[in-house]
Protein chains: 2
Amino acid sequence: MVLNQNIKVAVDAIVFGYSQHQLHVLLVQQKYGPMQGRWVLVGGFVHDDEALQAAVERELREEAGITVNYLEQLYTFGDAVQRDPRMRVVSVAYFALVNATELKLHADTDAADARWFPISALPPLGYDHDHILSVAIQRLKSKLSYQPIGFDLLPEYFLFSDLENLYCSILGQEIDRRNFRKKILSFGFLEETDRVSKKNAGRPAKLFRFNKLKYKQLEQAGFYFEIKFA
Amino acid sequence: MVLNQNIKVAVDAIVFGYSQHQLHVLLVQQKYGPMQGRWVLVGGFVHDDEALQAAVERELREEAGITVNYLEQLYTFGDAVQRDPRMRVVSVAYFALVNATELKLHADTDAADARWFPISALPPLGYDHDHILSVAIQRLKSKLSYQPIGFDLLPEYFLFSDLENLYCSILGQEIDRRNFRKKILSFGFLEETDRVSKKNAGRPAKLFRFNKLKYKQLEQAGFYFEIKFA
DNA sequence: TCAAAAGTGTTGAGTTTACACCCATGC
DNA sequence: GCATGGGTGTAAACTCAACACTTTTGA
């Protein structure tokens, strides 16, 4: 069988982080090629003997020096034949979340040419990465309401107000504090710890922790996470 | 830039149809190659200048002579490097639904080597298509509860009992007829027509029709389709 | 007249919404 | 003592779940 196909396979990662009450995305500046100087998503070509997911993890390590907290395949972009001006490239995009510690670490070291940008102040992106990013943001928004992925964006110990803030800043909605707290606590997978935080003004606040094991058990037992807002 | 990647890009389609109160999937029998004689999903390699979705549509036309009712990208399978024994192939799988007319048409003509199999009586599949199919079935099940895709599996005019049956046979759950009907009708996107069907024994039944336009309007207005069961 | 499927309402339980005041701390 | 964010309860509206009998037709 002769197969003379000339399509290249790449992976891209949309990495979200949350800090200073804002959603951020990780971008790298292209050093060479047709998009030189432009900011783009972390990504690159897949090796012949490499799993797709392994390729994403490698690129994240190489280009940004991070390991992520959550990683899932998002979508494969390959309908626009001229996505990359050099050749036909099909890109398998992955959706990733890092928690705040990783985010800060990175912002300090400023490794490579990778930087976090708040999604409210993005530079123009190369290739079709604007489009890919918008698909990722959609996914993030919708997943927030039916999977407990918000916790993957927060540090291990967090304040209820952080969680609340994360939801309302990402979804762009008002939330009733009391109802939100009641609902989340009713699930039973948050642990109240004996630590308190005084990072904010006002009354010190309890720190909470997401008990992943407990969540998995509940899920097994037929429980469905779901958050709606008034 | 020298890029010596040797990965091939394919597409596969998981096409579901519903008839005789059972979910069916479309398979084709391999004529040549390492899986000769085995049943596999419709699929093939993508042309260099062809959009991914266009490739799926082409394969569906060529291998099975059908056009589908609903088509969306499912997942890209490319983590197992040896999915295809001949070479590294990354496959972008698409999820498709056809309505019953298309299904019957096809069953009659028996075009090519394509056949519908009830998912309860599948032959062993080639490559990793068992796995792909199971992912697709999962997707179908979950989409049924939050998107009105059941209608894409039914003929234009259908009985309430068909709809009900579709849900309970695919999801494997009992449904309360009264509550189900009440719920679906409350959405307001089903039209009661003046046609009746006598295909079943017993009292003749009204035929209904899904008003897609109406659904789109509701969706725009912030309506969310959702069906839960007792 | 019998068998088979279609059609139809009500009630109680549970969930969701709306809403406002006191608490603990730092300055 | 005041500014700041943390913490809490209740009542009304709504939605969901459970449940059984009558209707229409063909055989």
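So you know, we letter chains A, B, ... as the sequences are listed, proteins then strands, and number each from 1. A quick note: this is a predicted structure, and the numbers were derived from the prediction, not measured. Any value given below was found using the heavy atoms of this structure, including those in side chains, with hydrogens, waters and symmetry copies removed.
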Task: Integer-rounded Å distance: D:dG6 P and A:F180 CZ - done: 13 Å
TODO: Could you check whether the rings of B:H129 and B:Y127 sit parallel, tilted or perpendicular, using 30° and 60° as the cut-offs?
DONE: tilted
- [ ] Find the distance A:D176:CG to C:dC21:C1' and express it as a whole number of Å.
- [x] 14 Å
- [ ] Tell me, please, which residues at least two apart from B:D162 pass salt bridge (charged side-chain N to carboxylate O under 4.0 Å, His left out).
- [x] B:K199
TODO: Would you kindly compare B:K183 and A:F160 by the position of their nearest DNA chain D nucleotide and give the one closer to the 5′ end?
DONE: A:F160
TODO: Could you check whether the rings of B:Y215 and B:F223 sit parallel, tilted or perpendicular, using 30° and 60° as the cut-offs?
DONE: perpendicular
Task: All ring-ring contact (aromatic ring centres under 6.0 Å, His included) counterparts of A:Y146, not counting sequence neighbours - done: none
TODO: With heavy atoms under 4.0 Å as the rule, sort A:K206 into base, sugar-phosphate or nothing.
DONE: sugar-phosphate
- [ ] Please evaluate the base of C:dA4 for a donor-acceptor partner in the side chain of B:N200 within a cut-off of under 3.5 Å?
- [x] no
Task: Atom-to-atom span, CG of B:L207 to P of C:dA6 - whole angstrom - done: 11 Å
Task: B:H24 to B:Q22 - nearest heavy-atom pair and separation - done: ND1-O, 2.9 Å
Open item on the list: Could you check whether the side chain of B:R178 and the base of D:dA17 have a donor-acceptor pair of N or O atoms closer than 3.5 Å, going by distance alone?
Closed with: no
Open item on the list: Expressed as a whole number of angstroms, how long is the span from A:N179:CG to D:dA11:C1'?
Closed with: 13 Å
Open item on the list: Output the rounded distance in Å from CZ (B:R177) to C1' (D:dA18).
Closed with: 15 Å
- [ ] Determine the interplanar angle of the B:F151 and B:F210 rings, folded into 0 to 90°, and report it as parallel if under 30°, tilted if 30 to 60°, perpendicular if over 60°.
- [x] parallel
TODO: Name the residue closer to the 5' end of DNA chain D, choosing between B:A201 and A:P204 according to the nucleotide with the nearest heavy atom.
DONE: A:P204
TODO: Calculate the interatomic distance between B:K199 atom NZ and D:dT25 atom P; express it in whole Å.
DONE: 18 Å
TODO: Determine, using ring centers only, whether B:Y75 and B:F77 are less than 6.0 Å apart.
DONE: yes
Open item on the list: Nearest to the A:R203 side chain among C:dC23, C:dA18, D:dT23, which nucleotide is it?
Closed with: C:dC23
Task: Presence of A:K182 side-chain N/O under 4.0 Å of D:dT8 phosphate oxygens OP1/OP2 - done: no
Task: End-to-end axis angle, where each axis spans five pairs of the helix from C:dA13-D:dT15 to C:dC27-D:dG1, to 10° - done: 20°
TODO: Respond yes when some side-chain nitrogen or oxygen of A:R181 is under 4.0 Å from OP1 or OP2 of D:dG7, and no when none is.
DONE: yes
Open item on the list: With a 4.0 Å cutoff (strictly under), does any side-chain N or O of B:K228 reach OP1 or OP2 of D:dC16?
Closed with: no
Task: A:E72/A:K143 salt bridge by N-O under 4.0 Å criterion - done: yes
TODO: Give the rounded distance in Å between these two atoms: CG of A:L159 and C1' of C:dT25.
DONE: 14 Å
Task: Whole-Å gap separating C1' (C:dT17) and CD1 (A:I175) - done: 14 Å
- [ ] Look at the side-chain N and O atoms of A:S161 and state whether any lies under 4.0 Å from the OP1 or OP2 oxygen of D:dG5.
- [x] no
